[in-house]
Each structure stands twice: as structure tokens, then as C-alpha cells.
Participant: 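Let me begin by handing over the structure; questions about it come next.
What you see below is based on every heavy atom in this structure, not just the backbone, and it leaves out hydrogens, waters and symmetry mates. A, B, ... follow the sequence lines: proteins, then strands. Residue 1 opens every chain.
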Amino acid sequence: MLLSTVVLVTVAGGAGIKRINANANPPAYAAFSRMLNGDDRIVHALDRLTFGARPEDSDALNRTGLNRWIELQLNPDRVAEDPVLTERLRVLDASQPTADDRAAAKIIADKLAQEKLLRAIYSNRQLEELLVDFWFNHFNVNLNKGRDRYFTAAYEREAIRPYVFAKFYDLLLATAKSPAMLFYLDNWQSVAPRPTRANATPKRGLNENYGRELLELHTLGVDGGYTQQDVIEVARCFTGWTITKGRPLSQSATAASDDGQFAYNDKVHDKGQKLVLGHVIPAGGGMNDGLMVLDILAHHPSTARFISLKLAQRFVADDPPPSLVNRMAETFLKTHGDLRQVMRIMLDSGEFWSEGAYRAKVKTPLEIVASAARATGAQIDSADALAREVQRLGEPLYRKVEPTGYSTASADWVSSAGLLERMNFAVALAHNRVPGVTVSAADWERLGAPEFQRH
Amino acid sequence: MHSRRLFLKNSALAMFGIGAAPGWLARAVYAQDGAPQRKRILIVIFQRGAVDGLNVVVPHAEPSYYAMRPTIAIARPGADDASAIDLDGRFGLHPSLRDLKPLWDRGEFAIIEAVGSPDPTRSHFDAQDYMESGTPGVRTTPDGWLNRAMPREPHPSPARAVSLTPDLPRMLRGKNDALAVASIGDFRVRDPRAAAEFERVYGESEDRILNGTARETFEAVKLMQSFEGSAYTPANGANYPEGRLGRSLQQIARMIKADVGLEVAFTDIGGWDTHVNEAGQLANLLRDFGAALAAFSQDMGDQMADITLVTMSEFGRTVKENGNRGTDHGHANVMFALGGRIRGGKVYGQWPGLGREHLYEERDLNVTTDFRTVLAEIVSTQLGNRQIGAVFPSFTPTKFLGIV
């Protein structure tokens, strides 16, 4: 009967994080003990570790060998970049506006989204691109918030991209010092409260925004064991971490200018002693207070678990088996947050290569658009319209308002409106009705089918 | 309405054949010759980002309000256009909410003060999640309270529960079907051949989640298409503001007037997280917010008798302004309830006061009414669902406030 259908939508990971204590997996995770074999492993690798398989990818991967291919993806410097991409990015960069008006800001924003799509579609360093997207989303900033339109390009290039296979501390520090994050979470104007005369105009004071999200979203996780007082103490430690006036002249000229750069202003720093998660931060530590906080957080067991869980939710399944998350978290702690090692443990695991993980995730809008372009061997003269498609599907790139970033949980990307937009996109792409994009085979049936929505 | 009835009758036959029309459609077609079965409708608006309730409904009789907000307090009523609009001598509306004052005066707009969640979290994400699941502190709840609030119905309309958002919000997820409709006009597969093919393929798919969502989607598409083509002019000279909330409410109005079987609607609006320079941002957001609610009420006219609209936000903001002419994350907040059945013109809830000794953790407005008590009253009166224990598990509401 038409109307008797009951939709079961599990909100696995909907609340973000579950406590994971078990060493052995409960029976619900049995599918993660059944191993994939042969061709399914190739399909799975291309599904999960790239933005979708291109027609030629499966043969190429077979020739390279799965293990070697993964090791190369974990070491992108050893992978030659696709000259097509290099050329596209050069052309895109050359069109950079030098005018410093608001129209230029919109162009900067559009170019960033185009660059993301071009890299996702063409790059030979697919895992690196997936991780740049993952970590940008983890340390989300919103390009539409004020000066962040000028800071976001440099943020991804200088604070995220270089660190996706580095130590977590280095990534955390780079984001903490980035003008984009300092502006987005208001820390740039958080200062030590000063005693004011009774009827004086109130001076600026403490702002908790960064302190809270640093603990909740960037490191420990909401269950990571901190209190409201910890939030305040952390915020006190970061007073004085600010941004110089002005803004970088252009996307690629940040080094040439002192405008819109990180600065530490000791005059507004809270000089008193602080107590963060039980650690005494002695009085008079200056900028070192914030560095100490980052060090405590980057090596905290809650951080190890939270980061491992988030990676496993993206790369394995919405509700990944505790056995895997525990091993990743142990590796995180043992290697002082070496993100390449954490990834390697995950990609070496039986759980990753299991039926439980196989096609278990629904693609996000960016993934659906990039994978469709890759599957059809689309020729892309401009990725502008593709970026608009990603937005229409519910994921405006670089414009997530909330600091949580976009969800990677499957249930969050299955909805009636979203499904119809996916079908419309499939038809438009196959019929060459997405401006700037040309495909030769009109296979809309495949691109809009249920199978293509998963990976 | 007449041509639509004809259309429904014809399309019912075309879509399902004689005798096979689903219950909701049969009702829509045949019930209209007699007295229409007017269902009561509940609309929920979520203000994401934690709106500063103390500057929305201003406690202008509280000296501590002005002491703790030296630069962002809304002036006591009467000073000028930028001062609060007095409601009852104690509270006043933010001046940008001027459009709602007539509704207050007509008794169709009630305010619930010091309402919130018993959970202490100041995390946007967790607090929203709890307010949507309806189970503060419990993260494993799989569905949302608004979904659970819908009474069982054997043959519900595919447009019984609609969210005017690109994705289905947590609040509406669960075993009752619910739609996400970003815009009625775009709610279809544009290529008819592809539409038919996708309907078939998804219908045959063994992917349970995608199959289920697609089935309800394609049914709803047909329903929406039955009126989407015609132009829409809001009634009674209502003028919806630009912006997402205005657009969402206008589309809800359309669906109600088209009699699609809507009983529950949801939409949300963000931007309320005013840590810095709150005054200007809040004024702009509230201007749109008030204008959209007022336009909807005007557009619906007499039909507001069947409608209750409720607003909520994850938590309030600090009583004291912060160092950047903004406010940080707080605790209790304010809710609005609008509609023909609302006993409006009154501020409900026990006001805890803003003196330091009355504050939550010495900084925030204390919660004196659990948000579930307010929602339970509305659910039981508006949706006729008295199984409150199933809507809000392990929660026993205190005495209802008498809002409805």
C-alpha cells in the first residue's frame, strides 16, 4: 500500500558523539567482522578515499596495487599532480581581482568554491583533498562573516592544508593563530576585563566564544570533561590573541603585508593565574598561556577519542565500531597526535575493509557533485555552476554559519527536497545543462539512482 | 477551491484508480461537499543560535537589567522610537517587534518567560539537539518530539508534516512520515521522463532509507503540483517580508489554504548568536521576524482559529553584556505562542528576577518553566495528543500554564 511506508531514519551520530568504552564490539557491529574481498575492496577504496571513481580508476588502482596506492595517498608529496589541475588553478589564480572593493570579495568567495571543486574532481592527491575538506569543516569558519571573506582563502591554504598529515598540535595551533578563526569566533577582541570607575564607559572584556568551541568542537568534544569555569579560564588564557588592522591585500599576498595578520597584544592579556582542566597556568605567562592550553588539549585522551571518532565516522561508518575508534585513539596518544599514523591505523584495519563499511554512507552534496563529474569524465571549463549545485543541495561551500561545520552523518543528507535536487542535478549534468561543464555520455539514470547516492 | 476539488477528484482517479485512493485524498475529495474537516495545525519556528530573550521581551521594571547592560539595554517604554513597547507594566517588546503589538492587543499573542531546558549545557549543538529530541540530557533518542506528537493515523496525507528547510530537522524525524520542502515551486523532478523513471527505480530499490524517502517524496510532489502552478496573492493585504522566514511562512500559508492535509509545520531561522555588537544585528533580525509572523497571521485571517504557532530557541544569553557589546551563552529564554486559540495578551511563567541571588550560576536567567511543559500543553490541545509520556518520555509536566 502506497501510504504504509514507514521511514526508518537512524540518527547515528546525530548527536555527534557516543561514549565508547568497550574493548570488544557489541553484536550490532557484526558486519564489521565480515571482510570484503577482491573487486569490492577496489570499489570501496575508490568510494571512500577519493571523491568518486573515474572510469579508468579501477584498472589503474589494480596496476598500482591497493597497498602501494594507499601509501601514496598517505604521502601526497610522492604523487605527481595532474597537469590539468595545475593549469586550471593557475588560470583561476590569474583571474584574481586586485580591486579591494566588496565586489572583489564575492569573486574571492566564488573562486574558493571553484578551487575546491576543481581539486576534488581533478587532483591525483584525492585523500589529501578529502582531508583538507574534513579538517576545514572540523575547524569551520564562515566566509560570510565580516573580514573572514578576506581571511578564508589563506586560512585553508596556510592553516589547514599543510597539516592534514602532520601532528594535531600543529594543526590546532595554526587554526588558533589564524586571523580567520580569531575573527570567526570573536577572540580577536576578547580582552582582560579591567576594573572601571563606577560611571566610566565600559571597556571591552572577555569573550567566551572561542574558548568554548575550542573545547567542545575542536578538541575534547562536548563530553570531554570540561566545565563552564574551564571555558572562562581558557578564554582568559587567549586574551590578547588578536589580528592587526586592515586585511591581506590579496589571496596570495599575505606574506607581503602586515595587514590582517596574527598578533599577540600583551597589553590586553589577562596576567593572572589560571586553572585549566586541573592544570595551573602560572601568572605572567603572556602568550605562553594559550600555547600551554593548546598543548594540554592536543594531548588529552578526550581529544584523541573525539578526533578518532570523527575520522572513523567520515571514513568508515556513521556509527563506527568501538574497537576501531579505541585503536585509533591509542595511536593518537602514542604518536602525540600524528594524523598520518592515525589514518594509517584506520586504513589498515579490518573494520575499514568490511561489509559494515561498504557503501554504508550517503554522499554529502560536495561528494555527490564531485563524484558525478568524475564518473562522467566531465570536462570543466568553469566550476562556478557546480559550486551553485553544491549549494542548492544544501552545502554552500565555505558558508556554514555554525561552528559545528557540516554533518557527515548519512541521515542528515537524506530528505525529500534533497533527493529531488539530486535527481534534477543528475538530469541537468547528463544533458549538459550545467553551464561550464560538458559530458559525453548522458547517463542520468545512473547518476540519479539510489546506488549512486551512496559510497 | 472549486477547480481544485475537481482537480483532486480527477487526479485521484488518475493516480490511484477508483476505490484505491488513499484515505487522505479521499477525504480531501469527498469531505469537501459537506462541512470541511478542518484539522488544527501546529507550526514551530526554531531560532537557531540562542536569541537574547532579555532584549526581545524587555524586563523594563528590573533595575538590574539596566545595570548589567549599560550599552545594549533597550530603553524603558516611552522615551522614543528605540524604546521598549510596553506590554503590562513589567515587560516590553523590542521596538523592532512593533508589528506584533496588534496581535498582543487582540489577545492572539502570548509570551512565556523564563522557559528553558533543565540541562545545563551552553553548547548550541547539544541544546538544540535536546530541544528537538525533547529529551534533555539524553543523546540517544532516535526521533524528535514533533514527530512523536502526531497522533497515529492510518492513512495520513503525504504533506501532513512539512519542514520548510532543505533537510529534515531532528525535531521532525521519526516513524511518522515528514517532508523537507525547501520551496514548493522547486519540489519536483523537472524532467517528466526522469521523474517517472526515478519513481520506478527508487520504488524497487532495496535501500530502505532511500526507498522510503523517495516514496513519500513522489506522492507529495503530486500533491504539491496540484496547486503550485497558480499564482499566490496573500489575503487581507498581508505583506510578507523578504528573507527566509517570510518565504517559509508564506509557503506554509499556501499549503494550508490548498488543503493538502497539513497538520504540523516547521521552519527555522538563524543568526541569533550575538556575541559582538548585538544591538544592530538583533534589531534587524527581529524586524523581519515580527513582520513575518504578523504577515502570516494577517494572511491566514479567520483560519488562525485553527492554528497555533510557537517559537523557541536553544537557550538564552547572559544577563550581563560581555566585553564586546554582545552577550554570551546563557540559560533561560522566552517563547512566543500565537494563534486564534491562544489566550494571549499575557506574559506567562514565573519571573525569577535578575538580582544576582536569583540568577542561574550567578550569570543567567533561571529556568522556572520546562520548555516541555509549554509544548505538552500545546500538543495536547492543538494536536489532540494526550499521550504526553510518549511525546516527552520520562517527563511529567507541571500544571499547564493555561496558554491555550
Participant: For Val401(A), is it the side chain, the backbone, both, or neither that has a heavy atom closer than 4.5 Å to a heavy atom of chain B?
Facilitator: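 Contact with chain B involves no heavy atom of Val401(A) at all.
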
Participant: Any idea which of Leu393(A), Leu206(A), Thr404(A), Asn424(A) has the most non-hydrogen atom pairs under 4.5 angstrom with chain B?
Facilitator: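 Maximum pair count with chain B is reached by Asn424(A).
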
Participant: As an exercise: rank Gln453(A), Arg454(A), Glu445(A), Glu402(A) by heavy-atom pairs under 4.5 Å with chain B and give me the winner.
Facilitator: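 The candidate making the most pairs under 4.5 Å is Arg454(A).
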
Participant: So, Arg173(B) and Asp412(A), do they make that salt bridge, N to O below 4.0 Å?
Facilitator: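 Yes.
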
Participant: Report the C-alpha separation of Arg160(B) and Glu263(B) in whole Å, then their side-chain angles, then the decisive distance to 0.1 Å, and conclude whether the salt bridge (charged side-chain N to carboxylate O under 4.0 Å, His left out) test is met.
Facilitator: CA-CA 5 Å; Arg160(B) 183 190 191 199; Glu263(B) 290 173 49; 3.2 Å; yes

Participant: Which one of Asp191(B), Val201(B), Thr165(B), Leu210(B) has the most heavy-atom pairs closer than 4.5 Å to chain A?
Facilitator: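 Highest number of pairs under 4.5 Å: Leu210(B).
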
Participant: Name the member of Ser416(A), Gly394(A), Ser415(A) that forms the most heavy-atom pairs with chain B at distances under 4.5 Å.
Facilitator: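 Ranked by heavy-atom pairs under 4.5 Å with chain B, first place is Ser416(A).
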
Participant: For Met224(B) and Ala159(B), which heavy atoms make the closest approach, and how far apart are they?
Facilitator: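 It is CE-CB, 4.0 Å.
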
Participant: Using heavy-atom distances under 4.5 Å, tell me whether Tyr130(B) contacts chain A through its side chain, its backbone, both, or neither.
Facilitator: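 Interface part for Tyr130(B): neither.
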
Participant: Any idea which of Ala194(B), Pro166(B), Ser205(B), Ala182(B) has the most non-hydrogen atom pairs under 4.5 angstrom with chain A?
Facilitator: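 Answer, by heavy-atom pair count under 4.5 Å with chain A: Ala194(B).
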
Participant: Measure distances from Gln189(A) to the heavy atoms of chain B and classify the residue's part below 4.5 Å as side chain, backbone, both or neither.
Facilitator: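 Both parts, backbone and side chain.
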
Participant: Can you tell me which portion of Arg363(B) sits under 4.5 Å from chain A's heavy atoms? Options are side chain, backbone, both or neither.
Facilitator: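 Just its side chain gets close to chain A.
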
Participant: Could you check whether the rings of His331(B) and Tyr360(B) sit parallel, tilted or perpendicular, using 30° and 60° as the cut-offs?
Facilitator: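 The arrangement is parallel - the two ring planes meet at less than 30°.
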
Participant: Select one option (side chain, backbone, both, neither) describing which atoms of Leu419(A) are under 4.5 Å from chain B's heavy atoms.
Facilitator: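 Contact with chain B involves the side chain of Leu419(A) alone.
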
Participant: Do you know the tightest heavy-atom contact between Phe46(B) and Met171(B)?
Facilitator: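 Heavy atoms only, the tightest pair is CD1-CE, 3.8 Å.
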
Participant: Could you check which of Val231(A), Val362(A), Asp186(A) has the highest count of heavy-atom pairs closer than 4.5 Å to chain B?
Facilitator: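 Ranked by contacts with chain B, first place is Asp186(A).
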
Participant: Who among Gln128(B), Arg48(B), Arg188(B), His124(B) has the most heavy-atom pairs with chain A under 4.5 Å?
Facilitator: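 Ranked by heavy-atom pairs under 4.5 Å with chain A, first place is Arg188(B).
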
Participant: Phe187(B) and side chain to side chain contact (heavy atoms under 4.5 Å, CB included): which partner among Val162(B), Leu223(B), Val221(B)?
Facilitator: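 The side chain to side chain contact (heavy atoms under 4.5 Å, CB included) with Phe187(B) is passed solely by Val221(B) among Val162(B), Leu223(B), Val221(B).
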
Participant: Considering only heavy atoms, which portion of Asp328(B) lies under 4.5 Å from any heavy atom of chain A: side chain, backbone, both, or neither?
Facilitator: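 Asp328(B) touches chain A through side-chain heavy atoms alone.
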
Participant: Starting from the C-alpha separation in whole Å, work towards a yes-or-no answer on side chain to side chain contact (heavy atoms under 4.5 Å, CB included) for Phe425(A) and Arg392(A).
Facilitator: CA-CA 9 Å; Phe425(A) 167 65; Arg392(A) 211 190 324 266; over 6 Å; no

Participant: With a 4.5 angstrom heavy-atom cut-off, is it the side chain or the backbone of Val189(B) that approaches chain A, or both, or neither?
Facilitator: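 It is both, since atoms from each part get that close.
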
Participant: Using a cut-off of under 4.5 Å on heavy-atom pairs, state which of Ser183(B), Gly49(B), Ser123(B), Gly326(B) scores highest against chain A.
Facilitator: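 Of the options given, most contacts go to Ser123(B).
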
Participant: For Ala50(B) and Gly316(B), work out which heavy atoms get closest and say how close.
Facilitator: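 Distance-wise, the nearest heavy atoms are CB-O, 4.4 Å.
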
Participant: Quickly, which of Glu361(B), Arg122(B), His329(B) forms a side chain to side chain donor-acceptor pair (under 3.5 Å) with Gln228(A)? Name it, please.
Facilitator: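 When Glu361(B), Arg122(B), His329(B) are each tested with Gln228(A), the side chain to side chain donor-acceptor pair (under 3.5 Å) holds only for Arg122(B).
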
Participant: Surrounding CD of Glu206(B) (heavy atoms of other residues, nucleotides or ligands, distance under 6.0 Å), is the total greater than 12?
Facilitator: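 Not more than 12 within 6.0 Å, no.
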
